[in-house]
Amino acid sequence: MRDLSKVPVTIVTGFLGAGKTTLISHLIRNAGGRRLAVVVNEFGTLGVDGDILQSCAIPDCPAENIVELANGCICCTVADDFIPTVEKLLAMEPRPDHILIETSGLALPKPLLKAFDWPAIRSRITVDGVVALADAEAVAAGRFAPDLDAVEAQRAADPSLDHETPLSEVFEDQLACADIVLLTKADLAGPEGVAKARAIIAAEAPRPLPMVEAVDGIVSAEIVLGLEAAAEDDIAARPSHHDGADDHEHDDFDSISVMLGEVDSPEAITQRIVTLAEQQDILRVKGYAAVAGKPMRLLVQAVGRRVRTNYDRPWGAGEPRGTQLVVIAEHDRIDRPAIEAVLKG
């Protein structure tokens, strides 16, 4: 049984656009009386997710309990960023009852687990569980999990080929580290898509995992908090493609921030993002837009060709109106002049 004096930590992982921020926003509002703290890790320099979550702050999770670590993977900057952040949260009065860590969509969760063995924090916190989010619609379409029989046939035909893409490795490592999988966007996948996603994940995971369907991040806190997995003591059971490596790199992916002026309409920026995904295989676009004649700021969240926009808040007094977007893709797909040309229309 774990030491009850330790503060439990839940790591929320999942690929780009799987719905991690939406889930945490829901948990903030429905924590069952727990006083929460949140650490958000962004890939790219524009802090979108932390800003979204701070707008959800409530007395049991005030804005000062929501900390954003921008520009990369927290497990690569443990001493400089992660450990001091955790120590600051643990020193708060009152101390949080539970800490949520939202990893970057490109992060490998296992190296982060190893960070919990650092002397400064290992006696004070425990990893209650690792929650992996998987976009059921995307998984059902086979975007991050190849046909196992086809892969084996290809390997047999040419064993010198490497048939795994960087995206599939990230997806598989997230599943391998998980204690529970949330199948998000189940409404978009439909019953057949969800069933197919379940089968694919079961085939990819190294051990049987509970899977729970979720729409718009709505899931009971009792399902994902209080798992008592003590995952930091169970690392050997969570295999990774990077086991044996001293560290890992994110050179397979890159991001740029694009600054624009006002856009004519939500439909206009949506169409530009769709064009970008079609022409340049962009994985993710997120940020804010200023729409001509509108007093509200437009939140933009895109995964491939799927774009969602909504007005999230009024522009502040004296706040410069403008459009800021983070564009994420595999490294070789980042062509700043071409991307800016499309987004500027």
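This one's a predicted model, so the numbers in the text were calculated from it and none came from an experiment.
The side chain to side chain donor-acceptor pair (under 3.5 Å) check on Asp281 picks up Arg333, with sequence neighbours excluded. Applying the side chain to side chain donor-acceptor pair (under 3.5 Å) criterion to Glu340, with sequence neighbours excluded, gives Arg336. Under the side chain to side chain donor-acceptor pair (under 3.5 Å) criterion, Glu262 pairs with Arg321, not counting sequence neighbours.
None of Val9, Leu89, Thr103, Leu100 except one satisfies the side chain to side chain contact (heavy atoms under 4.5 Å, CB included) rule with Val39; the exception is Leu89. Among Val131, Asp173, Val130, Leu175, the one residue that satisfies the side chain to side chain contact (heavy atoms under 4.5 Å, CB included) test with Thr13 is Val130. For the pairing with Arg198, the salt bridge (charged side-chain N to carboxylate O under 4.0 Å, His left out) check across Glu213, Glu192, Glu204 returns one residue only, Glu213.
Using a 4.5 Å cut-off on side-chain heavy atoms (C-beta onward), Val40 and Val38 make contact. Contact check for Ile101 versus Val12: no side-chain heavy atoms found under the 4.5 Å cut-off. Ile339 has its side chain within reach of Ile282: a pair of non-hydrogen atoms, C-beta onward, lies under 4.5 Å apart. Between Ile11 and Phe116 there is a side-chain heavy-atom pair separated by less than 4.5 Å. The shortest side-chain heavy-atom distance between Arg297 and Pro314 does not fall under the 4.5 Å cut-off. Side-chain contact check for Leu27 versus Val224: some heavy-atom pair is nearer than 4.5 Å. Taking the side chain as every heavy atom from C-beta outward, Leu276 and Arg272 never approach each other to under 4.5 Å. Inter-residue side-chain proximity for Lys6 and Ile125 is flagged as unmet; no heavy-atom pair is nearer than 4.5 Å.
Thr323 places a side-chain N or O within donor-acceptor distance of the main-chain N or O of Gly261, the cut-off being under 3.5 Å. No donor-acceptor distance shorter than 3.5 angstrom exists from the side chain of Arg305 to the backbone of Thr275, with no hydrogens or angles considered. The main-chain N or O of Ile218 is never found under 3.5 Å from a side-chain atom of Asp216 such that the two would form a donor-acceptor pair. A donor-acceptor pair under 3.5 Å is formed between the side chain of Lys20 and the backbone N or O of Gly14. Using modelled atom types, no side-chain atom of Thr270 and backbone atom of Val307 make a donor-acceptor pair closer than 3.5 Å. A donor-acceptor contact shorter than 3.5 Å links the side chain of His26 to the backbone of Val219. At distances below 3.5 Å, at least one donor-acceptor pair connects side-chain atoms of Asp128 with backbone N or O atoms of Gly226.
Rounded to the nearest 0.5 angstrom, Glu267 CD and Thr309 OG1 are separated by 7.0 Å. Note that the CD atom of Gln174 and the CD1 atom of Ile201 stand 11.0 Å from one another [nearest 0.5 Å]. To the nearest 0.5 Å, atom CG of residue Leu260 and atom NZ of residue Lys344 are 6.5 Å apart. Atom CE of Met296 and atom CG of Leu298 lie 10.0 Å apart (nearest 0.5 Å). Rounded to the nearest 0.5 angstrom, Leu90 CG and Glu87 CD are separated by 8.0 Å. In this structure, CD in Glu102 is found 4.5 Å from CD1 in Ile24, a value given to the nearest 0.5 Å.
Following chains of ILVMFWY side-chain contacts shorter than 4.5 Å, one can reach Val258 starting from Ile273, so the two form part of one hydrophobic cluster. If you chain together hydrophobic residues whose side chains sit under 4.5 Å apart, Leu133 and Leu188 never meet in one group. Residues Ile121 and Met92 are members of one and the same hydrophobic cluster, defined by side-chain heavy-atom contacts under 4.5 angstrom among Ile, Leu, Val, Met, Phe, Trp and Tyr. Both Leu227 and Val212 are part of a single hydrophobic cluster, where members link through side-chain heavy atoms under 4.5 Å apart.
In terms of heavy-atom proximity, Val181 sits nearest to Ala178 at CG2-CB, 4.4 Å. Of all heavy-atom pairs between Pro266 and Tyr311, the closest is CG-OH, 3.5 Å. Contact between Val139 and Ala134 at its shortest, heavy atoms only, is CG2-CB, 4.2 Å. Contact between Asp97 and Gly33 at its shortest, heavy atoms only, is OD2-O, 4.2 Å. Here the closest heavy-atom approach between residue Val194 and residue Ala136 is recorded as CG2-CB, 4.4 Å. Contact detail for Gly217 and Leu23: the closest heavy-atom pair is O-CD1, 3.6 Å.
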Stepwise side-chain contact (heavy atoms from CB on, under 4.5 Å) test for Thr10 and Ile99 | CA-CA 6 Å; Thr10 295; Ile99 298 173; over 6 Å; no
Run the side-chain contact (heavy atoms from CB on, under 4.5 Å) check on Ile334 and Ile256 step by step: do they pass?
-> CA-CA 8 Å; Ile334 291 289; Ile256 62 170; 3.8 Å; yes
Are Val300 and Lys286 close enough, and set up right, to give a side-chain contact (heavy atoms from CB on, under 4.5 Å), and what steps lead you there?
-> CA-CA 5 Å; Val300 179; Lys286 59 182 179 179; over 6 Å; no
Please step through side-chain contact (heavy atoms from CB on, under 4.5 Å) for the pair Val7 and Val86, ending with a clear verdict.
-> CA-CA 10 Å; Val7 174; Val86 171; over 6 Å; no
Might you work through the side-chain hydrogen bond (donor to acceptor under 3.5 Å, both in side chains) test for Ser257 and Gln324, ending with a clear yes or no?
-> CA-CA 7 Å; Ser257 293; Gln324 303 181 64; over 6 Å; no
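Salt bridge present: Glu222 and Arg34 bring a charged side-chain N and a carboxylate O closer than 4.0 Å. Taking the charged nitrogens against the carboxylate oxygens, Arg238 and Asp179 do have a contact shorter than 4.0 Å, which makes a salt bridge. Electrostatic pairing of Lys196 and Glu137 does not count as a salt bridge here, judged by no charged N lying under 4.0 Å from a carboxylate O.
Glu232 and Thr126 are linked by a side-chain donor-acceptor pair at a separation below 3.5 angstrom, with hydrogens and angles left out of the test.
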